[in-house]
A.B. asks: 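One structure coming up, written as structure tokens, with questions to follow.
Quick note on labels: first sequence line is chain A, next is B, and so on, each numbered from 1. All values derive from a computational prediction rather than experimental measurement.
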Amino acid sequence: MLQIHNSLTKKKEVFTPIEPGKVKLYVCGMTVYDLCHVGHARVMVVFDVVTRYLRASGYDVTYIRNITDIDDKIIARANENGESIQSLTERFIAEMHQDADAMGVVRPDQEPKATESMADIIAMIETLIEKGFAYAADNGDVYYDVSEFDGYGKLSGRNIEELRSGERVAVNEAKNDPLDFVLWKAAKPEEPAWDSPWGNGRPGWHIECSAMSATCLGEHFDIHGGGQDLQFPHHENEIAQSEGAHGCQSVNYWMHNGFVRIDDEKMSKSLGNFFTVREVLAQYSPEVVRYFILTSHYRSPLNYSDESLEQAKSALTRYYTALRDIEATQDVVWQNDEEFGPRFQEAMDDDFNTALALSVMADVRQALNKAREQSNEQASYFAGLLQSFGDVLGLFQQAAEAFLLGGQDDDESAKVEALIQARNTARAEKDWAKADQVRDELNAMGIVLEDNAGKTTWRKA
RNA sequence: GGCUGCGUGGCAGAGUGGUCAUGCAGCGGACUGCAACUCCGUUAACGCCGGUUCGAUUCCGACCGCAGCCUCCA
């Protein structure tokens with residue numbers, strides 16, 4: 001029975017979908033003005049695995065991940081670059097897709113964009129004004145009146161008094177209350193703007209998600225996810241907006257993933273201590289990055305370091321080594337495996353405990369390696385089982401050879417093969433000095449040899 | 001200052017009131033011409049101080065340390 005830690009109640013709860021057999025999932029996506037960094041990669045991978053596991057568990061999942069394609073940073077960046085906003089956002093949407101695809105992240109069912117949701121956004125603001133939750137200020141902005149919403153603070157565990165005492169925002173004259181947040185921003189000269197009942201302007205960040213989630217999934221849906229930093233104020237404000245406008249609970253389960261850190265500090269754009277996905281993928285295979293992300297529980301902090309990536313690489317190499325040169329039994333269904341299936345399921349059912357699930361897979365790998373010596377059939381079965389588990393976590397999605405040989409071109413491969421041939425000739429003649437010399441040469445090229453059962457295979461170090 | 005959360009062996013990282021995590025690395029052994037791979041075995045941990053308990057790393061409390069949010073952020 002699947003249990004999910006709900007940030008709203010701060011407890012693990014049994015997951016019960018609103019509609020039996022169906023899951024409606026919304027995740028806050030990127031603001032597209034720059035390349036994805038490892039923190040973004042974590043969100044994508046985490047909710048990719050959530051989606052994969054829900055589907056593997058038999059749910060019909062509708063997965064929505066929005067794109068914020070209009071905001072202050074986008075406008076500022078476009079101006080800096082001297083390019084149009086549309087050209088900037090289209091470019092970075094393409095870059096994001098490239099990174100996500102590289103990491104094997106399954107595309108969401110829909111990726112709504114803020115700029116294409118204006119009618120819904122404006123209609124929702126109108127509703128909020130009608131119901132008394134929002135007001136138009138003299139300067140053309142529209143604000144949400146926080147004091148009108150009883151549950152304000154319930155997600156982030158705060159109340160309005162606490163928020164007031166911790167107030168660090170410069171007071172904005174147009175607001176009735178410093179805690180009120182903007183739903184619609186009046187356009188400044190030279191800024192892109194949309195027509196609205198309150199004059200030309202553009203939406204505030206929070207209202208976009210409330211409008212898009214309702215449009216794509218309805219007023220009440222199952223799971224809403226995102227990074228921990230969105231809990232306040234973004235998700236708190238979403239609740240105020242959605243529940244204010246619709247008069248019903250908007251989300252049953254809130255899921256927040258932990259941060260990626262560097263040297264025990266949050267990786268973020270503002271601190272400038274981030275690595276882009278592009279940079280990391282130049283050095284490590286995408287599945288190594290994915291494996292690294294899955295070694296810790298999604299809610300824990302994840303410290304990024306070369307050492308951790310190297311460990312992930314070594315571990316994944318062992319899996320691919322086990323899968324190499326063996327024909328995996330097709331269509332093995334892990335749920336049917338009586339030994340490992342229940343252990344894997346128990347791990348994943350426990351709030352998506354991927355670290356524990358990986359330990360089950362390590363046992364399967366060992367079983368595979370042992371079976372190899374005795375029974376090909378058994379070994380093939382375990383290989384198939386490993387593949388089946390891998391499909392849930394998005395691992396082992398490439399051929400073992402492709403992973404282990406890692407982007408060798410044909411010329412290089414031919415050269416390696418020739419050297420191996422030469423070494424094996426020397427070995428046959430018991431010319432160990434020569435054989436070792438050739439092996440050293442290969443090692444220097446970053447090639448590791450493995451002599452198995454009369455056959456020499458190689459891989460990249 | 002307020003509110004969260006965390007502190008596990010050399011590193012990464014699960015978990016549990018009494019018995020094995022797992023991975024990376026290390027050590028010993030088997031295999032190998034030697035290595036690598038693989039297998040077998042193995043060392044080692046639960047921030048600090050109290051309390052509850054027959055027994056606590058696990059529950060409770062204080063303390064120390066770290067991180068996050070309270071402003072844009074995945």
A.B. asks: Write out all pairs satisfying side chain to side chain donor-acceptor pair (under 3.5 Å) with one or both partners inside residues 373-384 of chain A, taking only residues at least two apart or from two chains.
C.D. replies: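 Residue pairs passing side chain to side chain donor-acceptor pair (under 3.5 Å), neighbours aside: A:Asp337-A:Tyr381.
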A.B. asks: Closest approach to the side chain of A:Pro233, judged atom by atom: which nucleotide of B:rA74, B:rC70, B:rC37 is it?
C.D. replies: B:rC70
A.B. asks: Using a 3.5 Å distance criterion without hydrogens, assess whether the side chain of A:Ser210 forms a donor-acceptor pair with backbone atoms of A:Ile207.
C.D. replies: no
A.B. asks: With a sphere of 6.0 Å drawn around CD of A:Glu412, does it hold more than 12 non-hydrogen atoms of other residues, nucleotides or ligands?
C.D. replies: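 Enclosed: over 12 neighbouring heavy atoms sit under 6.0 Å from CD of A:Glu412.
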A.B. asks: Hey, could you give me each pair passing salt bridge (Lys or Arg N to Asp or Glu O under 4.0 Å) that has a residue in residues 262-280 of chain A? Not counting sequence neighbours.
C.D. replies: A:Glu95-A:Arg278, A:Asp99-A:Arg278, A:Asp229-A:Lys266, A:Arg261-A:Asp264
A.B. asks: Does a sphere of radius 6.0 Å around NZ in A:Lys188 hold more than 12 heavy atoms from other residues, nucleotides or ligands, not counting ones at 6.0 Å or beyond?
C.D. replies: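 Atom NZ in A:Lys188 is not crowded, with 12 or fewer foreign heavy atoms closer than 6.0 Å.
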A.B. asks: Can you pull out the residues from residues 39-51 of chain A that lie within a 4.0 Å heavy-atom distance of RNA chain B?
C.D. replies: A:Gly39, A:His40, A:Val43
A.B. asks: Will you find, in the side chains of A:Asp109 and A:Thr62, an N or O donor that is under 3.5 Å from an N or O acceptor?
C.D. replies: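 Side chains of A:Asp109 and A:Thr62: no pair found under 3.5 Å.
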A.B. asks: Distance only, no hydrogens: is a donor on one side chain within 3.5 Å (strictly under) of an acceptor on the other, for A:Trp458 and A:Glu417?
C.D. replies: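 On atom types as modelled, these side chains qualify, holding a pair under 3.5 Å.
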A.B. asks: Suppose you measure atom C1' in B:rU57 against the same atom in B:rG13; what distance do you get, rounded to whole Å?
C.D. replies: 15 Å
A.B. asks: What are the residues of residues 223-230 of chain A, sorted by number, that bring a heavy atom to within less than 4.0 Å of RNA chain B?
C.D. replies: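 Residues of residues 223-230 of chain A that come under 4.0 Å of RNA chain B are, in numerical order, A:Gly226, A:Gly227, A:Asp229, A:Leu230.
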A.B. asks: Sticking with atom C1', work out how far B:rC66 lies from B:rC48, rounded to a whole angstrom.
C.D. replies: 15 Å
A.B. asks: Between A:Asn369 and B:rC39, is there a contact of a side-chain N or O with OP1 or OP2 at under 4.0 Å?
C.D. replies: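 It does, given that an N or O in the side chain of A:Asn369 lies less than 4.0 Å from OP1 or OP2 of B:rC39.
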A.B. asks: Under 3.5 Å, which N/O atoms of the protein pair with N/O atoms of nucleotides 22-26 of chain B?
C.D. replies:
| residue | atom | partner | partner atom | Å |
| --- | --- | --- | --- | --- |
| B:rG23 | N2 | A:Gln311 | OE1 | 2.7 |
| B:rC24 | OP1 | A:Arg318 | NE | 3.2 |
| B:rC24 | OP1 | A:Arg318 | NH1 | 2.6 |
| B:rC24 | OP2 | A:Arg318 | NH1 | 2.7 |

A.B. asks: Can you see whether A:Tyr63 engages A:Asp48 through a side-chain donor-acceptor pair at a distance of less than 3.5 angstrom?
C.D. replies: no
A.B. asks: Which whole number of Å gives the distance between the C1' atom of B:rG17 and that of B:rC11?
C.D. replies: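 One C1' to the other, the span is 28 Å.
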A.B. asks: Can you confirm whether more than 12 heavy atoms, excluding those of A:Asp440, are under 6.0 Å from its CG atom?
C.D. replies: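 Counting neighbours around CG of A:Asp440, more than 12 heavy atoms of other residues, nucleotides or ligands fall under 6.0 Å, so yes.
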A.B. asks: Going through the distances and angles, do A:Phe396 and A:Leu323 end up as a side-chain contact (heavy atoms from CB on, under 4.5 Å)?
C.D. replies: CA-CA 9 Å; A:Phe396 320 137; A:Leu323 289 169; 3.9 Å; yes
A.B. asks: Take atom P in B:rU43 and the same atom in B:rU22, then report the distance between them in whole Å.
C.D. replies: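 Comparing P positions in B:rU43 and B:rU22 gives a spacing of 12 Å.
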A.B. asks: Quick check: are there more than 12 heavy atoms from other residues, nucleotides or ligands sitting under 6.0 Å from CD of A:Glu346?
C.D. replies: no
A.B. asks: Could you measure between the two P atoms, the one in B:rA56 and the one in B:rU19, and give it in whole Å?
C.D. replies: 11 Å
A.B. asks: Requiring both pairing distances under 3.5 angstrom, list the stems that contain RNA chain B and are made of three or more consecutive Watson-Crick or G-U pairs.
C.D. replies: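 When the pairs of RNA chain B are grouped into runs of at least three, the stems are B:1-7 with B:64-70, B:10-12 with B:22-24, B:26-30 with B:38-42, B:49-51 with B:59-61.
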A.B. asks: Of the candidate nucleotides B:rC70, B:rG68, B:rC39, which contains the atom at the shortest distance from the side chain of A:Lys266?
C.D. replies: B:rG68
A.B. asks: Please determine, by modelled atom types, if A:Gln110 and A:Asn66 share a side-chain donor-acceptor pair under 3.5 angstrom.
C.D. replies: no
A.B. asks: Heavy-atom count around A:Glu327 CD within 6.0 Å, excluding the residue itself: above 12?
C.D. replies: no
A.B. asks: As a test of reading the structure: which of B:rA35, B:rG33, B:rG2 is closest to the side chain of A:Glu162, going by heavy atoms?
C.D. replies: B:rG2
A.B. asks: Starting from the C-alpha separation in whole Å, work towards a yes-or-no answer on side-chain contact (heavy atoms from CB on, under 4.5 Å) for A:Arg423 and A:Leu449.
C.D. replies: CA-CA 11 Å; A:Arg423 173 170 169 271; A:Leu449 297 187; 3.5 Å; yes
A.B. asks: Check the pair A:Arg107, A:Asp101 against salt bridge (Lys or Arg N to Asp or Glu O under 4.0 Å), reporting the backbone distance first and the verdict last.
C.D. replies: CA-CA 8 Å; A:Arg107 292 269 179 114; A:Asp101 292 348; 3.0 Å; yes
A.B. asks: What interatomic distance, in whole Å, is found between P of B:rA45 and the corresponding atom of B:rC20?
C.D. replies: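 That atom pair is separated by 13 Å.
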A.B. asks: Can A:Arg65 be said to sit on top of A:Phe47's aromatic six-ring, NZ or CZ under 6.0 Å from centre and within 45° of the ring axis?
C.D. replies: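 No, A:Arg65 does not sit over the ring of A:Phe47.
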A.B. asks: Taking only nitrogen or oxygen atoms into account, show me every contact under 3.5 Å that the protein makes with nucleotides 29-31 of chain B, one pair per line with its distance.
C.D. replies:
none

A.B. asks: Closest to the A:Phe259 side chain: B:rA14, B:rA35, B:rA74?
C.D. replies: B:rA74
A.B. asks: Using the side chain to side chain donor-acceptor pair (under 3.5 Å) criterion, which residues pair with A:Arg77? Sequence neighbours excluded.
C.D. replies: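 Once residues adjacent in sequence are excluded, the partners of A:Arg77 under the side chain to side chain donor-acceptor pair (under 3.5 Å) criterion are A:Asp34.
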A.B. asks: Give every pair of a protein N or O atom and an N or O atom of nucleotides 41-45 of chain B that lie under 3.5 Å apart, one pair per line with the distance.
C.D. replies:
none

A.B. asks: Side-chain donor-acceptor pair under 3.5 Å between A:Glu238 and A:Ser250, yes or no?
C.D. replies: no
A.B. asks: I'd like to know whether A:Arg91 forms a salt bridge (Lys or Arg N to Asp or Glu O under 4.0 Å) with A:Glu83, so could you lay out the CA-CA distance, the side-chain angles of the two residues, the decisive distance to 0.1 Å, and finally the verdict.
C.D. replies: CA-CA 11 Å; A:Arg91 200 151 55 82; A:Glu83 70 179 318; 2.5 Å; yes
A.B. asks: Quote, to the nearest angstrom, the C1' distance that separates B:rC31 from B:rA35.
C.D. replies: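 It comes out at 12 Å once rounded to the nearest Å.
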A.B. asks: Under the 3.5 Å rule, do the base of B:rC72 and the side chain of A:Lys73 count as making a donor-acceptor pair?
C.D. replies: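 Yes.
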A.B. asks: Can you check nucleotides 57-60 of chain B for protein contacts, nitrogen or oxygen pairs under 3.5 Å, and list what you find?
C.D. replies:
none

A.B. asks: Select one nucleotide: of B:rA74, B:rA36, B:rC69, the one nearest the side-chain heavy atoms of A:Asn452.
C.D. replies: B:rA36
A.B. asks: Which of these nucleotides, B:rA74, B:rG13, B:rC70, is closest to any side-chain atom of A:Leu302?
C.D. replies: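 Nearest to the side chain of A:Leu302 among the choices is B:rG13.
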A.B. asks: With salt bridge (Lys or Arg N to Asp or Glu O under 4.0 Å) as the rule and sequence neighbours excluded, what pairs involving residues 301-311 of chain A come up?
C.D. replies: none
A.B. asks: In sequence, state the C-alpha distance, the side-chain angles, and the governing distance for A:Asp350 and A:Lys12, and then conclude on salt bridge (Lys or Arg N to Asp or Glu O under 4.0 Å).
C.D. replies: CA-CA 9 Å; A:Asp350 186 10; A:Lys12 248 185 245 177; 2.7 Å; yes
A.B. asks: Sticking with atom C1', work out how far B:rC46 lies from B:rU16, rounded to a whole angstrom.
C.D. replies: 11 Å
A.B. asks: Under 3.5 Å, is there an N or O donor on one side and an acceptor on the other linking the side chain of A:Asn303 and the base of B:rA12?
C.D. replies: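 No such pair is found, so the answer is no.
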A.B. asks: If the plane angle is over 60° it's perpendicular, under 30° parallel, otherwise tilted; pick one for A:Tyr304 and A:Phe292.
C.D. replies: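 Rings of A:Tyr304 and A:Phe292: perpendicular, over 60°.
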A.B. asks: Between the side-chain atoms of A:Arg261 and the base atoms of B:rA67, is any donor-acceptor pair under 3.5 Å?
C.D. replies: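 By the distance-only test, no, there is no pair.
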A.B. asks: Going by heavy atoms closer than 4.0 Å, what residues in residues 4-13 of chain A are next to RNA chain B?
C.D. replies: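 When residues 4-13 of chain A is checked for heavy atoms under 4.0 Å from RNA chain B, there are no hits whatsoever.
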A.B. asks: Evaluate whether atom CZ of A:Phe275 has more than 12 neighbouring non-hydrogen atoms of other residues, nucleotides or ligands under 6.0 angstrom away.
C.D. replies: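 Check fails, neighbour count at 12 or below.
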A.B. asks: A:Ser7 and A:Arg299: side-chain contact (heavy atoms from CB on, under 4.5 Å), yes or no, with the steps?
C.D. replies: CA-CA 10 Å; A:Ser7 311; A:Arg299 283 190 288 116; over 6 Å; no
A.B. asks: Measure from the side chain of A:His37, starting at C-beta and using heavy atoms only, and say which of B:rG15, B:rG33, B:rA74 lies closest.
C.D. replies: B:rA74
